Amino acid sequence: MLHALALASRGMYGTSPNPRVGCVIIRDGEVVGEGWHRRAGEPHAEVLALAQAGARARGATVYVTLEPCAHHGKTPPCAHALVEAQVGRLIAAMEDPNPAVDGGGLSILRAAGIDVRCGLLRAEAFELNLGFVSRMLRGRPWVRLKVAASLDGTTALADGQSQWITAAAARADGHAWRARACAILTGIGTVRSDDPRLDVREVETMRQPLKVLVDSRLEVDPRAAMLRTGRALVACAEAPAERAADLRDRGVEVIELPGPQGKVDLPALLAHLGTRGINELHVEAGAKLNASLLRESCVDELLVYLAPSVIGPGAGMFSLGPIASLDERLRLEFTDVARVGDDVRLLARLPGRLAMPGAAGDGVETLGAC
């Protein structure tokens, strides 16, 4: 199963809106077939592994990182392909949270007399597909907010200078996180001050994420760097007809999502992105938008790069107002701490955001001690 998870991770940058899935087929202690889903519309991991195994799949044990699909999409159901191959046993890491599957894949296999187990390395499989699970269960992407700062929490000088607080290795690592996301979000303040391209450049990727701009009054310069290449979406509270028409003529999508106080309705924006198949949303914005996303419970995880430097007064990570008591603070859970070049990378998750499907009490058979 560890090998199947490693195979699944090879699809990190290309499978959306589908999940990342790997499959290994074992017979007589030997790997006879393996595969991973490369991109949407192409064969699934199980189909590729079965093709490699051929007749040796009969009676074999199949390890797959996600319950085989049981519905017709762009490709036929994998559960039926496994039944036709007459495999002897299937071990899945986790259930498919897609309502169109809903345990159907495992049920088809069991009905065919195949020994089916589920739950081996479930947590690892869940982490690999956080975005897909989020979209299936909550109708919105997993939101990861990235910040680069000095040790005292400064993200830019008072005049806006921020290039570069962190070193090259951290910036390249940040591009890898961009690449795994389906979309990158920023705000009009960041576009005005930095004019970022918001594309993936430091790592190889088979597709560029959708670029999303939050711009309440649609004030963006149509010549902004992020709008000149690739796919771009501007979310506003009100779209003046002439400005909107100019952007649309340039191939930029404009949507109106009015919220309180003339701002963009951020939860509605996440829901909209969910309908578009966006599994993971990567945020690189300024302190004001960062704070708004936190206040409206739109953030699931913080990706923070800390440089070994002290800058002093300047822009902070979040423009949050003062609190009266420490009991009011926003609590996080550190999930990873790593050194990246000269800098430190922290991953901190807001607790209770997303439950792991099938973890307990759902009646699904798990491996236990078998």
Side-chain angles (χ1 to χ4, degrees), residues 1-11 15 18-38 42-130 132-133 136 356-370:
M1 188 63 80
L2 284 171
H3 184 44
L5 287 164
L7 289 171
S9 68
R10 296 189 188 183
T15 65
N18 293 347
R20 300 153 182 147
V21 181
C23 180
V24 177
I25 301 177
I26 303 288
R27 182 168 178 175
D28 299 325
E30 177 188 356
V31 175
V32 296
E34 62 180 44
W36 71 94
H37 187 41
R38 290 170 170 82
E42 294 187 4
H44 289 186
E46 300 95 317
V47 172
L48 293 170
L50 287 171
Q52 189 178 102
R56 293 176 295 177
R58 184 172 183 176
T61 297
V62 178
Y63 292 84
V64 64
T65 59
L66 188 70
E67 174 185 355
C69 61
H71 62 291
H72 284 270
K74 293 183 178 180
T75 58
C78 293
H80 293 315
L82 290 162
V83 170
E84 290 172 6
Q86 299 181 14
V87 302
R89 190 183 193 207
L90 181 128
I91 300 174
M94 67 174 285
E95 304 78 7
D96 190 335
N98 187 344
V101 179
D102 193 26
L106 300 182
S107 296
I108 288 171
L109 295 167
R110 287 191 175 109
I114 296 170
D115 180 12
V116 175
R117 310 295 178 92
C118 187
L120 181 62
L121 299 183
R122 177 186 272 127
E124 289 82 353
F126 172 70
E127 290 292 328
L128 188 63
N129 281 307
L130 275 171
F132 179 75
V133 175
M136 290 296 107
M356 182 165 54
D362 60 358
V364 176
E365 181 181 12
T366 57
L367 278 169
C370 71

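Quick note: residue numbers are just sequence positions, from 1. All of these numbers come straight from a predicted model, not from anything done at the bench. Keep in mind that the numbers below use all heavy atoms, side chains included, and drop hydrogens, waters and symmetry copies.
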Shortest non-hydrogen separation from Leu128 to Arg20 and the atoms involved: O-NH1, 2.9 Å
Distance, nearest 0.5 Å, that separates CE of Met356 from CG of Leu130: 10.5 Å
Side-chain heavy atoms of Val47 within contact of Cys78, under 4.5 Å: yes
Heavy-atom closest contact (Ala49 atom, Gly35 atom, distance): CB-N, 3.9 Å
Between CZ on residue Arg89 and OH on residue Tyr63, distance to nearest 0.5 Å: 6.0 Å
Donor-acceptor under 3.5 Å (Gln86 side chain, Arg58 main chain): no
Close side-chain approach of Phe132 and Asp96, heavy atoms under 4.5 Å: yes
Atom of Ala85, atom of Leu50 and distance for their closest heavy-atom approach: CB-CD2, 3.7 Å
Separation between CG of Leu120 and CE of Met1, rounded to the nearest 0.5 Å: 4.5 Å
Note, Glu67 side chain near Cys118 side chain (heavy atom, < 4.5 Å): no
Heavy-atom closest contact (Val21 atom, Ala8 atom, distance): C-CB, 3.4 Å
Sub-4.5 Å side-chain heavy-atom contact between Arg38 and Leu48: yes
side-chain contact (heavy atoms from CB on, under 4.5 Å) assessment of Val133 paired with Met136: CA-CA 5 Å; Val133 175; Met136 290 296 107; 5.8 Å; no
Ala93 versus Ala125, closest heavy-atom pair with distance: CB-CB, 3.6 Å
Check against side-chain contact (heavy atoms from CB on, under 4.5 Å), Leu66 and Met94: CA-CA 5 Å; Leu66 188 70; Met94 67 174 285; 3.6 Å; yes
Side-chain (Thr61) to main-chain (Ile26) donor-acceptor, under 3.5 angstrom: no
Reported SG-to-CG distance for the pair Cys69 and Asn98, which is rounded to 0.5 angstrom: 9.5 Å
Closest non-hydrogen atom pair between Glu34 and Gln52, with its separation: N-OE1, 3.2 Å
From OG1 (Thr65) to CD (Glu124), nearest 0.5 Å: 11.5 Å
Side chain to side chain, Trp36 and Ser9, heavy atoms closer than 4.5 Å: no
Side-chain donor or acceptor of His37 paired with backbone N/O of Gly22 under 3.5 Å: no
Gap separating the CD atom of Glu42 from the CG atom of Asn18, nearest 0.5 angstrom: 10.5 Å
Candidate pair Leu106 and Leu90, rule side-chain contact (heavy atoms from CB on, under 4.5 Å), full reasoning: CA-CA 9 Å; Leu106 300 182; Leu90 181 128; 4.2 Å; yes
Single hit among Val62, Ile114, Asp115 for side chain to side chain contact (heavy atoms under 4.5 Å, CB included) with Leu109: Ile114
Stepwise side-chain contact (heavy atoms from CB on, under 4.5 Å) check, Ile25 with Val87: CA-CA 9 Å; Ile25 301 177; Val87 302; 5.6 Å; no
